[in-house]
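The structure appears right after this line, and notes come after that.
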2 protein chains.
Amino acid sequence: MYVSPPDEEIDSKKSVVDYKKSVSRRGVLAELYQSEVSTLAQLAKSLHSSVPSITNIVEELVNEKWVSTFGTAVGNHGRRPVLFGLSTQEKYVVALDISTHDTKVVIMNLQREVIFRKDIKLGLEDNPRFAKALLEFTRKALEESQVEASHFVAIGISMPGLIQFQSGTNMTYRRINQEEKPLSALISEEFNLPVFVINDTKATVLGEHRFGLARGKKHVLAINIDWGVGLGIILNGEIFQGASGFAGELGHIQMDPDGELCHCGKVGCLDTITSARSLIRRVQRGLNEGRVSKLSAYMDHIEDIDIETIIEAALEGDAFAIDILFDVGTVLGKGLSMAVHLFNPEIVIVDGIVVKADQFITNPIGQAINKYCLSDFRNDLSIEISQLGERAKWIGIHIYVMDQLLATI
Amino acid sequence: MYVSPPDEEIDSKKSVVDYKKSVSRRGVLAELYQSEVSTLAQLAKSLHSSVPSITNIVEELVNEKWVSTFGTAVGNHGRRPVLFGLSTQEKYVVALDISTHDTKVVIMNLQREVIFRKDIKLGLEDNPRFAKALLEFTRKALEESQVEASHFVAIGISMPGLIQFQSGTNMTYRRINQEEKPLSALISEEFNLPVFVINDTKATVLGEHRFGLARGKKHVLAINIDWGVGLGIILNGEIFQGASGFAGELGHIQMDPDGELCHCGKVGCLDTITSARSLIRRVQRGLNEGRVSKLSAYMDHIEDIDIETIIEAALEGDAFAIDILFDVGTVLGKGLSMAVHLFNPEIVIVDGIVVKADQFITNPIGQAINKYCLSDFRNDLSIEISQLGERAKWIGIHIYVMDQLLATI
DNA sequence: AATAATTTGTTAATATTTTTATAAAACAAG
DNA sequence: CTTGTTTTATAAAAATATTAACAAATTATT
């Protein structure tokens, strides 16, 4: 198994000079990561260092294949500066995007470009068989990609659930682990690479923040509506994890004391009203109670109704579907307004399956926020729909992996 | 008026050397602030610098009267090191602690020792007269303290309300400002000193975090129950303000859709159930409805019942008072459990008037958190009662002022 | 009580980094 | 097309910081 060396040991053994160099190296890599390409002068300025020093460090990073040149910039007055950026050929990150429907293996270069992708109908299940299948599938995919094993630098995994970020253990899916060994350790041993696990919603908000709609914002909330409801949080420009990595659990806040029993054991959780799962159940119940709707066509095979069908109906003007989406959006907005009062964000991003419903879901959310939030909180707040799509999550995994990896370089 | 120089200008004009020196100076001051006293070797280690460099910087700071020696340490094996710490004689911070009941002027030295204090029965009111009275009172207090004006380095103000932290404007008490000039600017002009304003609950949590119960913890929530309910938040070891400084507004989350009208215009806010104000109202209503209680003695002058009376009754075993406190604690705990789900903190500190009720308020809070929180969130969470008392807030003001001030040094 | 071991504080030597100077490259303007 | 301006890249000089060395101060040990 890959073991990253303990931080303190290094710190105390390293000389002051080595420490400062390491900080500069990380600074250069982080800067290049965010800006795609940059010049020596720009790097020197933003890292508060002199050009010769930066030249040295960049040279070293080029030798280690982390950095390459990308031609020269044009348009300035004077001599054209050489552009440096993270290598696109030498080092690759593997992302395992796991959801309850399927699993994707995505290989990206350091510039986050997807160079290989393989999907499988392997949905997340809470048993050791899943881990085994995942391992098998990943191995096959990496082989198929024909990338030399030595070129992989790390593996990142995103999945739903409460993930203890220090150990990478998923507390919601505990039975995946075999003999107390967390999934991350299993995969790390198999491929002899560092493995980092992040909650899927947190990965998404990371992507949206660094390379999407929320770019440059300091405080961002991203709500993800899927089989459950998740909240990804960026505070002070960084992903917020909380003490154990569980921060942002909006789905199990009680919205209705007389509501349904939730699978978590509590009553009336937001999840019981607004998750895709509950939405379908509510539609089915409504139809059985005789509501008039285009969806009545499904009366004979009511279990075939899925979220896409409902949204389609709403987009075609079906009053029943619109009503249901409105109700869901309202409750979601009420829950979000609590988060807005507590986090005071600049932007809220809506993501997940329901984004296809567009206005039919953002309108009630916006209205509920107006109703339940104090005006001072609403004034500088915008509500937007995600535009990066599935790429947001992959980019987020990549960012998370690189953040963790750079801390050890 | 005191104008702090714009950061960017300085940054761009300063040479790399000057910038690095400034960072080191700030580092030394911050380190000494937190550790009371320290040695050159310790400073060098924690700032990743060499001893000769640190010796230089400390010497400079001693010349500028920021730092003094504090004798030598004892107990080590070798030669006794000289101890350095922030001066206790040369520079002073003024704290204005404003509440709805009264106002206190507190003068502290750099080590946060109170060297002068003056109280006045001036409660916060939303009109320009308050600003005038505050100014007058402060001027008088500073005179009385006999501290030479040149020894003051900054003024910190704590008060309830939504405070826009960039400008120092209190959005909840807007009419305090005269001619669009925020209170902070008014005071800054008068005394020609930088002025920093912070919400009272945020000040308290800062104090508890750096020098109280939550010392060393990374993620802390502090709930303050007073005329309203406020939540102070420490995330990643730093005070969390949100985009505008409004973060932590727990009091206006809707807890009861059929509840009372709140002064904010919304219905059933947490504030309408759990603030000291509401607690008294509920007791009065209960008594009028004929509840049996020790407090019935107040039937003739029911408006004299205050929060202390109710708590005393509970401590003496009065069932009615205990019931009311239990109800309040339960709702509070339910509200807190939302915050716990979103922030995933390590510790929750209860503060404010109700702390005297001790178990009678912490028990229902704890029970409600157990009921409404997922177990993973409760496992590593402790709930404690504040022990620093009023000093927490003053210390918090001091910390905030020094943090802001150091950024400009 | 004397010696060994530890730690600090200062000085000197070494190493590193920044600054300055200069040449090269690109573009604009006369 | 040449000259002047602007910016980059590198080399040399200057400044600064780190390391190493050593003396001083203290505690533990023989």
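Chain A is the first sequence line, chain B the second, and so forth, proteins listed ahead of strands; every chain is numbered from 1. Computed from heavy atoms alone, side chains included, the values below leave out hydrogens, waters and symmetry copies.
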Sugar-phosphate, base or nothing in reach of Ser49(B), heavy atoms under 4.0 Å: sugar-phosphate
Length of the line joining Lys45(A):NZ and dT19(C):C1', which is rounded to integer Å: 17 Å
Asn76(B) or Phe84(A), whichever maps to the more 5' nucleotide of DNA chain D: Phe84(A)
Ring geometry between Tyr92(A) and His151(A) (parallel below 30°, tilted from 30 to 60°, perpendicular above 60°): parallel
Nearest-angstrom distance from the residue atom CD1 of Ile54(B) to C1' of dT10(C): 16 Å
Nearest-Å distance for atom pair NE2/C1', residues His77(B) and dA4(C): 12 Å
Lys393(A) side chain near Leu388(A) side chain, heavy-atom distance below 4.5 Å: no
Sugar-phosphate only, base, or nothing, as touched by Val82(A) at under 4.0 Å among non-hydrogen atoms: sugar-phosphate
Along DNA chain D (nearest heavy atom to each residue), the more 5'-positioned of Lys21(B) and Gly78(A): Gly78(A)
Start and end of chain B contact along DNA chain D [non-hydrogen atoms, under 4.0 Å]: dA17(D) to dA28(D)
Length of the line joining Asn56(B):CG and dT11(C):C1', which is rounded to integer Å: 13 Å
Which residue lies more 5' along DNA chain C, comparing Arg79(A) with Val51(A) via nearest heavy atoms: Val51(A)
Any side-chain heavy-atom pair of Arg117(A) and Trp394(A) under 4.5 Å: yes
Side-chain ion pair, Arg215(A) and Glu208(A), N-O less than 4.0 Å: no
Near-ring test His398(A)/Tyr33(A), centroid separation under 6.0 angstrom: yes
Nucleotide dT8(C), atom P - distance to CG of Leu43(B) in whole Å: 12 Å
Of the listed nucleotides dG9(C), dT10(C), dT19(C), the one nearest the side chain of Thr55(B): dT10(C)
Geometric class of the Phe240(A)/His219(B) ring pair [parallel <30°, tilted 30-60°, perpendicular >60°]: perpendicular
Most 5' of Arg80(A) and Val17(A) on DNA chain C, judged by nearest nucleotide: Val17(A)
Shortest non-hydrogen contact from Phe152(B) toward Ser145(B): CZ-OG, 4.2 Å
